[in-house]
Structure formats: C-alpha cells, structure tokens
Amino acid sequence: MRVATWNINSLKARLERLLLWLESTEPDVVCLQELKCAEADVPAEALAAAGYEIAAAGDGRWNGVAILSRVGLADVQRGLDSQPAYDGQVESRAIAATCGGVRVWSVYVPNGREVDHPHFAYKLAFFDALAETVKAGAAGKVPFAVLGDFNVCPSDDDIWSVEEWAGTTHITKPERDALTAVESIGLADVFPRALKHEWPFSYWDYRNLDFPKNRGLRIDLALANPAFKTAVADAYVDRNERKGKGASDHAPLVIDLDL
DNA sequence: ATGCCAACGGAACGTTGA
C-alpha cells in the first residue's frame, strides 16, 4: 500500500497537477492539507473519475484538510477531540479515516506566526489536543499514523539555516517539545530518503530562489505507531513535484507499506 | 536545468503562509 501526505496549497489551483500526480504515482491513500476551499466546493467528481473517494473538512479561504482513498474510506472524524479555537473559530485542520485497514489522520498544524503572538500559544494547544486525540490509535494494533504539515522542524538538520531562522517559529524548544510529546505516546517519525541532496526537505519558500538553492525545511511528517512503522518498505519526498509552473510550495511525502 | 511569491476574496489590495 502506498500512503502519501501533501500540503497542496489550494485544491482548486492544484487540481490538474494533483490528478497528474495521482496518475503517475498511484498512491492508495493521500492526506492533503491547505485545501483553501469549502467542503461543498471540493471537486469530488474529478477525483472520483480518477478512482478516488474524498473526505474533506474545509472552512473556505484558509486551512482545509482531506483524505483521498482508492482502498475504502470509513469512520471519518472531522476535527480533534477538544480542538482549540482561534479567534472564536474551530478551524478545519484535522480529519481522520480508515482506509484499507490503515487508520490515518491528515493534520495541518497552525503556523504560530511569531513566538509572542497568540497564534503561537494556539499552535501549542493544538499539539496538546492532537496528542490526547490520537493516544488510543497510537497504542492500538491497527496500523495508525498521523500525517501532515506539522509546521515544526524536528531538529536543526531539518532546516537549511538555523542562523537565518534564529528567533522565529518552527525551531523553538516549546514547539519541538510539543512534537516530542506526540511522539512519546508511541508514534515514530517515518524518516524519508531524499531524491536529491543530502536531506529530505519537504518545503521551500516560493521566494528568493529557495528551491533551486535548496533552502528548505522538513516539516511534512508521518508519525506512525509500531504496526505502521514496521510495515514501512520505503519512504521518500517527491521533490520533483516542487518543480515547474504551478507547483505547491510543499512536496509530497510518499510511504510504501508492506501490508 | 529547479529560476527570483502565490492564492484567496472580490474586484484593489490586504492577509496569510513558514
């Protein structure tokens, strides 16, 4: 089974590229983030024609997460248990489903903006709710993984320059502690191989030639329980999908399972 | 070659992202 996660930065703007990528890569399950479209506007027919069911949670202009599957899509949960609100809104940042015997979460962790911004506390609170929500799944015997855009670089190696990013979000101790807390309930980082260069970054800013210069971050992760982790046969970041006109600023993380 | 920000809503440009 092939499972992937991809922050596509608008489902509508990326639909043609997504369909081409589905055809070439043939994933069974795809966790998507940053749909930037309402649930009612999801192009379900085009995806169905490609062979995929979709379960989505979408606010409209921002956020939005989904799970695509061609191996069944059941027991959908939208949102975390006790998910915190921001500015009075519980945003579309998490969705779960069981696909082909594997339970997956697609999550879009809040950015945090700046360390002294309310969005940063919101980010940490989201992590707390995430850890609490996925506890049972992590401890279960069913292959289980939380995939998505975590907006945290797990280590200093996961960012092109800690010096350039000094004092910013994504690399602070509270964020890394929050990520570690999720892992400590029994979920391990499925570390991918890089298709080029020495490190599997998954995000490169559109600006400043960051992609050609490989000024990247590894923030798109898959945290897996033992049943999922032991089945991993291969994992890679498909940086080729970051190339060309109309690319997302994130590349897909692809995981092959022997199940 | 991978190439200098993109998408959204709404109809100009401010907001968001990481």
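Below, chains carry the letters A, B, ... as their sequence lines are ordered, and counting in each starts from 1.
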Please state how far atom CG in A:Asp87 lies from atom C1' in B:dT16, giving the value in whole angstrom units.
14 Å

For the atom pair CD (A:Gln83) and CD (A:Glu132), what is the distance rounded to the nearest 0.5 Å?
14.0 Å

Heavy-atom nearest nucleotide on DNA chain B taken for A:His170 and for A:Lys213; more 5' hit belongs to A:Lys213

Are OP1 or OP2 of B:dG17 and a side-chain N or O of A:His250 less than 4.0 angstrom apart?
no

Residues in side-chain contact (heavy atoms from CB on, under 4.5 Å) with A:Leu209, at least two apart?
A:Pro212, A:Lys213

So A:His197, base contact, sugar-phosphate only, or nothing? Heavy-atom distance under 4.0 Å.
nothing

Heavy atom of residues 145-162 of chain A under 4.0 Å from DNA chain B: which residues?
A:Asp149, A:Asn151

Sequence neighbours left out, what passes ring-ring contact (aromatic ring centres under 6.0 Å, His included) with A:Tyr203? Give chain and number order.
A:His250

If you measure from the Lys or Arg side-chain nitrogens to the Asp or Glu carboxylate oxygens, is any gap between A:Arg218 and A:Asp189 under 4.0 Å?
yes

Can a side chain N or O of A:Arg239 be found less than 4.0 Å away from OP1 or OP2 on B:dT2?
no

Spacing of A:Arg93 atom CZ relative to B:dG17 atom C1', expressed in whole Å
10 Å

Return the CG to CH2 distance between A:Leu217 and A:Trp204, rounded to the nearest 0.5 Å.
10.0 Å

Distance, C1' atom - from B:dG3 to B:dC8, rounded to whole angstrom
25 Å

Within the 4.0 Å heavy-atom criterion, would you say A:Asn7 contacts the bases, only the backbone, or no part of the nucleic acid?
sugar-phosphate

Rounded off to whole Å, could you give me the CG-to-P distance for the A:Asn111 and B:dT15 pair?
16 Å

Spell out protein contact along nucleotides 4-9 of chain B as letters: B when the base is contacted, S when just the sugar-phosphate is, - when no protein heavy atom is under 4.0 Å; keep the 5' to 3' order.
BBSSBB

Review item, side-chain donor-acceptor pairs of residues 114-121 of chain A, under 3.5 Å, at least two apart:
from	atom 1	to	atom 2	distance (Å)
A:His117	ND1	A:His119	N	2.9
A:His119	ND1	A:Gly112	N	3.0

Rounding to an integer number of Å, can you tell me how far A:Glu241 CD sits from B:dT2 P?
13 Å

Over how many whole Å does the gap from A:Asp238 atom CG to B:dT2 atom C1' extend?
13 Å

Taking atom C1' in both B:dA18 and B:dA6, what distance in whole Å separates the two?
13 Å

Identify every side-chain donor-acceptor pair in residues 136-149 of chain A under 3.5 Å, counting partners at least two apart or on other chains, and give the distances.
from	atom 1	to	atom 2	distance (Å)
A:Asp149	OD1	A:Asn151	N	3.1
A:Asp149	OD2	A:Asn7	ND2	3.0

Contact class for A:Lys196 vs. all strands (heavy atom < 4.0 Å): base, sugar-phosphate, or nothing?
base

Can you measure A:Asn240 atom CG to B:dA1 atom C1' for me and round it to whole angstrom units?
12 Å

Which part of the nucleic acid, if any, lies within contact of A:Gly244, taking any heavy atom under 4.0 Å across all strands shown: a base, the sugar-phosphate backbone alone, or nothing?
sugar-phosphate

Report which part of the nucleic acid A:Trp204 touches: base, sugar-phosphate, or nothing (heavy-atom distance under 4.0 Å, all strands).
nothing

For nucleotides B:dA12 and B:dA7, find the distance between their C1' atoms and express it as a whole number of Å.
15 Å

Check this for me: does any side-chain nitrogen of one of A:Arg78 and A:Glu39 sit under 4.0 Å from a carboxylate oxygen of the other?
yes

Non-neighbouring partners of A:Ser248 that pass side chain to side chain donor-acceptor pair (under 3.5 Å), sequence neighbours left out:
none

Say you pick atom P in B:dT16 and the same atom in B:dG10; how far apart are they, in whole Å?
15 Å

Using a 4.0 Å heavy-atom cut-off, does A:Phe211 contact any base of the nucleic acid, only the sugar-phosphate backbone, or nothing at all?
base

Calculate the interatomic distance between A:Glu175 atom CD and B:dA18 atom P; express it in whole Å.
12 Å

Please name all residues satisfying side-chain contact (heavy atoms from CB on, under 4.5 Å) with A:Asp87, sequence neighbours left out, ordered by chain then number.
none

Rounded distance (Å) that lies between atom C1' of B:dA18 and atom CZ of A:Arg218
16 Å

State which residues pass ring-ring contact (aromatic ring centres under 6.0 Å, His included) with A:Trp21; sequence neighbours excluded, sorted by chain then number.
A:Trp6

